Colleague: 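Take this structure first; my questions come after.
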Protein chains: 2
Amino acid sequence: MSLVDTAERLIASTRELLWERGYGATSPKAIQERAQAGQGSMYHHFSGKPALALAAIRRSADELVAQVDEQLTSSGTALARIRAYLLREREVLRGCPIGRLAQDTEIAHNEDLRAPLAETFEWLRGRLAGLITQGQADGEFNAGLDPAAVAAALVSVLQGSYVQARAAGSTDPFDLAISGILALLSPPEGN
Amino acid sequence: MSLVDTAERLIASTRELLWERGYGATSPKAIQERAQAGQGSMYHHFSGKPALALAAIRRSADELVAQVDEQLTSSGTALARIRAYLLREREVLRGCPIGRLAQDTEIAHNEDLRAPLAETFEWLRGRLAGLITQGQADGEFNAGLDPAAVAAALVSVLQGSYVQARAAGSTDPFDLAISGILALLSPPEGN
DNA sequence: GTCTATAGAGAGATAGAC
DNA sequence: GTCTATCTCTCTATAGAC
């Protein structure tokens with residue numbers, strides 16, 4: 001008996017492969033090999049590739065939400081928390097484990113598989129909007145800004161910066177874009 | 001004899017399929033069917049799928065650069081041109097034909113296939129940075145901003161907004177994020 | 001230039017033994 | 001629960017006729 005059960009190893013294996021290769025390029029065989037499980041084992045625990053992928057995506061989404069929520073709940077001003085979140089350590093060239101899947105046609109066109117992505121981003125926009133509202137009350141941000149719109153822009157900068165970094169084969173565009181949005185968010189002096 | 005030659009039809013077909021499905025999910029067979037060309041025909045004009053994909057990606061990149069350059073060269077202030085570019089008509093749920101490919105592992109990990117993406121985004125950042133510099137000279141933007149950083153952030157917002165829209169299955173997050181970055185770029189009043 | 005035939009490999013799953 | 005055998009399809013390409 002392994003440290004974790006077979007179903008868990010299959011989910012972990014699938015999460016890694018979805019992040020690395022996407023849905024289409026993730027084969028049952030590769031999943032099994034990485035999980036050290038046989039075919040019969042996989043089809044005993046899951047009805048097939050879609051069901052296993054759904055379990056893996058949900059897990060990744062839940063973990064991301066928990067992790068980001070903890071980061072954004074830390075002490076400090078709203079602006080400081082947002083700064084820390086944008087500047088935190090990231091495996092930039094691997095991309096976002098959730099955002100990456102949105103480009104996958106098989107996922108984007110499947111209601112079940114897409115749902116966790118939609119929920120994750122919706123939660124993130126709401127969480128950031130709340131922080132921005134708080135920052136406006138504290139006089140950190142221009143009171144005329146729409147918190148929901150700024151929050152959406154912040155999420156976009158992160159996701160788009162991953163895209164630019166992967167296109168460039170370098171983290172430079174990522175870092176540049178983050179510094180750009182931070183400058184716009186809290187200008188050195190008035191505009 | 002067709003209106004356009006076979007090689008051109010193959011390239012056009014590949015461009016469409018790469019946009020819709022990505023590299024891995026685009027099969028020679030599907031390319032041939034959409035181009036109304038046989039297998040022998042395709043392998044006569046191109047050495048294989050990678051060569052055809054490269055020709056298709058280059059074409060898409062060149063076309064995007066030409067199109068955006070024309071848009072950004074229009075009359076009006078720097079800010080007005082950037083606004084018009086961000087707000088232009090887009091097929092949001094289809095995603096960006098170039099940015100979409102950056103998430104494709106087979107493309108991101110292949111120097112030849114990735115190069116056109118890198119060049120396109122580098123050009124776009126430079127083009128926007130030039131406009132921002134001009135806008136600073138005209139007093140439209142805070143002179144303390146780094147044009148290259150703000151340009152990278154603008155590109156990220158576009159790319160990331162495509163990602164959010166596809167995840168949501170709706171254009172709403174896209175529109176929200178664009179309005180957010182525009183508000184940060186030119187606040188209604190001082191910050 | 002374009003066609004059809006063929007081929008080795010892998011995808012994704014099912015069947016039935018253990 | 002896990003294993004091996006088997007199956008049908010598709011992928012990507014090559015070969016050689018026309």
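In the text below, chain A, chain B and the rest are named by the order of the sequence lines, each starting its count at 1. This is a predicted model, so every value here is computed, not measured.
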Colleague: Evaluate side chain to side chain donor-acceptor pair (under 3.5 Å) for Ser186(A) paired with Glu140(A), printing each intermediate quantity in order.
Modeller: CA-CA 8 Å; Ser186(A) 60; Glu140(A) 287 186 297; over 6 Å; no
Colleague: If only side-chain N and O atoms count, and only distance matters, is there a donor-acceptor pair under 3.5 Å linking Arg100(B) with Tyr162(B)?
Modeller: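 No, no side-chain donor-acceptor pair sits under 3.5 Å.
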Colleague: Quick one: list whatever passes salt bridge (Lys or Arg N to Asp or Glu O under 4.0 Å) with Arg21(A), sequence neighbours left out.
Modeller: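 In terms of salt bridge (Lys or Arg N to Asp or Glu O under 4.0 Å), with neighbours along the sequence ignored, Arg21(A) is linked to no residue.
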Colleague: For Arg15(A), enumerate each residue passing the salt bridge (Lys or Arg N to Asp or Glu O under 4.0 Å) test, keeping only those at least two apart in sequence or located in another chain.
Modeller: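 With sequence neighbours excluded, Arg15(A) shows a salt bridge (Lys or Arg N to Asp or Glu O under 4.0 Å) to Glu63(A), given in chain and number order.
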Colleague: Can you name the salt bridge (Lys or Arg N to Asp or Glu O under 4.0 Å) partners of Arg81(B), sequence neighbours left out?
Modeller: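 Partners of Arg81(B) by the salt bridge (Lys or Arg N to Asp or Glu O under 4.0 Å) criterion come out as none, since no residue qualifies.
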Colleague: Could you tell me the boundaries of the chain B footprint on DNA chain D, defined by atoms under 4.0 Å from its heavy atoms?
Modeller: dC11(D) to dT14(D)
Colleague: Return yes if a side-chain donor-acceptor contact under 3.5 Å exists between Ser41(B) and Arg9(B), otherwise no.
Modeller: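 On atom types as modelled, these side chains do not qualify, holding no pair under 3.5 Å.
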Colleague: Can you list everything that forms a salt bridge (Lys or Arg N to Asp or Glu O under 4.0 Å) with Glu16(B)? Sequence neighbours excluded, please.
Modeller: Arg34(B)
Colleague: For every nucleotide of nucleotides 10-15 of chain C, 5' to 3': is a protein heavy atom under 4.0 Å from its base (B), only from its sugar-phosphate (S), or from neither (-)?
Modeller: -SSBB-
